[in-house]
Visitor: 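Below you'll find the structure I mean.
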Protein chains: 2
Amino acid sequence: MSVRTDGRKARGERRRQEIIAATLRVIERDGVAGVTHRTVAKEAGIPTASTTYHFATLDDLLIATLISCARDMATEVYWMIDRARSREGLRRSSELSSGPSAADEVSVLLAEALGPRRGRTMAEYELYLLASRRPALRPAARRWLDVLTSMVRHDDEVAFRVFLAGIDGLLIQGLIDDEPPTADELRPVVEYLLKPR
Amino acid sequence: MSVRTDGRKARGERRRQEIIAATLRVIERDGVAGVTHRTVAKEAGIPTASTTYHFATLDDLLIATLISCARDMATEVYWMIDRARSREGLRRSSELSSGPSAADEVSVLLAEALGPRRGRTMAEYELYLLASRRPALRPAARRWLDVLTSMVRHDDEVAFRVFLAGIDGLLIQGLIDDEPPTADELRPVVEYLLKPR
DNA sequence: AGTAAACTTGGACGATAGTTCAGGTAGTGT
DNA sequence: ACACTACCTGAACTATCGTCCAAGTTTACT
């Protein structure tokens, strides 16, 4: 029974995922303000009523998008960390897990987030900020941080919180630059941020 | 002539300022999404057509609000710094201008921004994020940072950028907490952020 | 006083929004 | 084959949106 039920649900689930993906594209292009049942439906190439069938209200749609977005980012970060660790091998670090090469990697990642992936970064922060206004969205938004916290090995809790805050700040400030900052411009700041006290 | 001309403009200017103030209140309460000509007009207690007369489009209204908001914050920070300096007197600091008492002051300020002034903080970041999407808003948003940079004495450019980014990150992350963090909870992080390398 | 400009405002127009619903289709279980 | 449920969708309803305009009022200057 469970197989059949899953099979039946799969059809609707696929449609749901298409709608969520289309919503994210709309947010990347036009912001949360551009999200309407009609724009999302047009982006997904489906009739308008289909979005209202799967998501009763616009808030439900935004919640689902935020959750999906947070999950994507979590898996992305997971592989990033996994890759970095295997590359460093068993490099012995006397202090934190962060060495100079970590600063390089983070700088490149930030530059990408503010350059080619700028739209996505804006979308994420718009959803993040939306969560501050809708309590229903907050657990999903907090998972953003929780996943990072649980994945990254951090000996010093305070230092790690400072690191996360610094990354957020650099991203937000980078979003209002006319020209996105390069990894080289970012590196000194990131290095200072990672430097242990 | 200039006096009379100013006098004539003063009437419209007052109305303009009322509209901008009402817009900010609306953003604090309902977010940028809640800003319409009608909601702003109702908040200000004036007819709808009055807002369209003084601000041809909604974007003009948001731009003006962002600029006004940035100016308010600049003067506020100016007096905050002035007060802090006069309080510390000529305390000799061997390293940066930031000592332990500075961490106290910043922590309290952050706790206020996330507690009683939470609505205002959300409004500021929504406008800030809006600027990332509308190039016309960016200069005003950048002034936010420029004013701080020009006002605060900073021997170490990189350290100061890290400090600003950290503050931004702490504020944004604090906005999705169900209970706003207290100054005591914030202090360790702020102290670490201010600690010179 | 008279004129021009700035200001104010009630009302209206077309466009678009969220949401609803009746009717149709496609799979599932018996 | 049959009923059942989930899924899908075209069309429509009402509300609200941005914007505009014509007519009235106030103010500044000659």
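Naming: A, B, ... by sequence-line order, numbering from 1 per chain. Every heavy atom of this structure was used, including side-chain atoms; hydrogens, water molecules and symmetry mates were not.
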Visitor: Would you say that A/D177 contacts A/L114 through its side chain, given a criterion of any heavy-atom pair below 4.5 Å between the two side chains?
Guide: no

Visitor: Return the value, rounded to whole Å, for the distance between atom CG of A/D60 and atom P of C/dG18.
Guide: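 Distance check: A/D60 CG to C/dG18 P gives 13 Å.
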
Visitor: Mind calculating the distance between CD (B/E13) and P (C/dA6) to the nearest angstrom?
Guide: 14 Å

Visitor: Between C/dT8 atom C1' and B/R14 atom CZ, what is the distance in whole Å?
Guide: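 Answer to the nearest Å: 14 Å.
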
Visitor: Just by distance, with hydrogens left out, do B/D156 and A/Y192 show a side-chain donor and acceptor under 3.5 Å apart?
Guide: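 Not at all, the side chains of B/D156 and A/Y192 share no donor-acceptor pair under 3.5 Å.
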
Visitor: Could you list the donor-acceptor pairs under 3.5 angstrom formed between side-chain atoms of residues 64-71 of chain B and any protein atom two or more places apart in sequence or on another chain?
Guide:
residue	atom	partner	partner atom	Å
B/T65	OG1	B/L61	O	2.7

Visitor: Looking at residues 23-36 of chain B, who's got a heavy atom less than 4.0 Å off DNA chain D?
Guide: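 B/V35, B/T36, in order of number.
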
Visitor: Between B/R187 and B/D184, does any side-chain N to carboxylate O distance fall below 4.0 Å?
Guide: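 B/D184 and B/R187: salt-bridged.
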
Visitor: Could you grab the distance from atom OG1 of A/T182 to atom CG of A/L110, nearest 0.5 Å is fine?
Guide: 11.5 Å

Visitor: Can a side chain N or O of B/R16 be found less than 4.0 Å away from OP1 or OP2 on C/dT8?
Guide: no

Visitor: Is any side-chain nitrogen or oxygen of B/H54 closer than 4.0 Å to OP1 or OP2 of C/dA6?
Guide: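 Indeed not, no polar side-chain atom of B/H54 lies that close.
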
Visitor: Tell me, please, which residues at least two apart from A/D60 pass side chain to side chain contact (heavy atoms under 4.5 Å, CB included).
Guide: A/F55, A/A56, A/T57

Visitor: To the nearest 10°, let me know how far the axis at one end of the helix from C/dA1-D/dT30 to C/dT30-D/dA1 is tilted from the axis at the other, five pairs an end.
Guide: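 Rounded to the nearest 10 degrees, the bend comes out at 20°.
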
Visitor: How long is the span from the CD1 atom in B/I27 to the CE atom in B/M122, to the nearest 0.5 Å?
Guide: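 The CE atom of B/M122 is 11.5 Å from CD1 of B/I27, to the nearest 0.5 Å.
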
Visitor: Would you call B/R120 and B/E112 a salt bridge, using N to O less than 4.0 angstrom?
Guide: no

Visitor: Quick one, A/D168 with A/Y128, criterion side-chain hydrogen bond (donor to acceptor under 3.5 Å, both in side chains). Give me CA distance, side-chain angles, the key distance, then yes/no.
Guide: CA-CA 11 Å; A/D168 267 338; A/Y128 200 90; 4.6 Å; no

Visitor: Are B/R142 and A/D178 side-chain neighbours, meaning at least one heavy-atom pair lies under 4.5 Å?
Guide: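 Heavy-atom side-chain distance check passes, below 4.5 Å.
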
Visitor: Strictly under 3.5 Å: I want the nitrogen or oxygen pairs between protein and nucleotides 19-21 of chain D, one per line.
Guide:
none

Visitor: So, for B/I176 and A/R138, which heavy atoms are closest and what is the spacing to 0.1 Å?
Guide: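 Answer, listing the atom of B/I176 first, then A/R138: O-CD, 3.5 Å.
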
Visitor: For B/I46 and C/dT9, give me the distance from atom CD1 to atom C1', rounded to whole Å.
Guide: 11 Å

Visitor: OP1 or OP2 of C/dC7 versus the side-chain N and O atoms of B/Y53: is any pair under 4.0 Å?
Guide: yes

Visitor: Regarding A/E28 and A/R118, does a basic nitrogen lie under 4.0 Å from an acidic carboxylate oxygen?
Guide: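 No, A/E28 and A/R118 are not salt-bridged.
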
Visitor: Checking salt bridge (charged side-chain N to carboxylate O under 4.0 Å, His left out) between B/E18 and each of B/R16, B/R15, B/R14, which is the one that passes?
Guide: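 Testing B/E18 for a salt bridge (charged side-chain N to carboxylate O under 4.0 Å, His left out) against B/R16, B/R15, B/R14 leaves exactly one candidate, B/R15.
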
Visitor: Please list, by residue number, the residues of residues 61-69 of chain A whose heavy atoms come closer than 4.0 Å to an atom of DNA chain C; answer none if no residue qualifies.
Guide: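 The stretch gives none, as no residue of it lies under 4.0 Å from the strand.
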
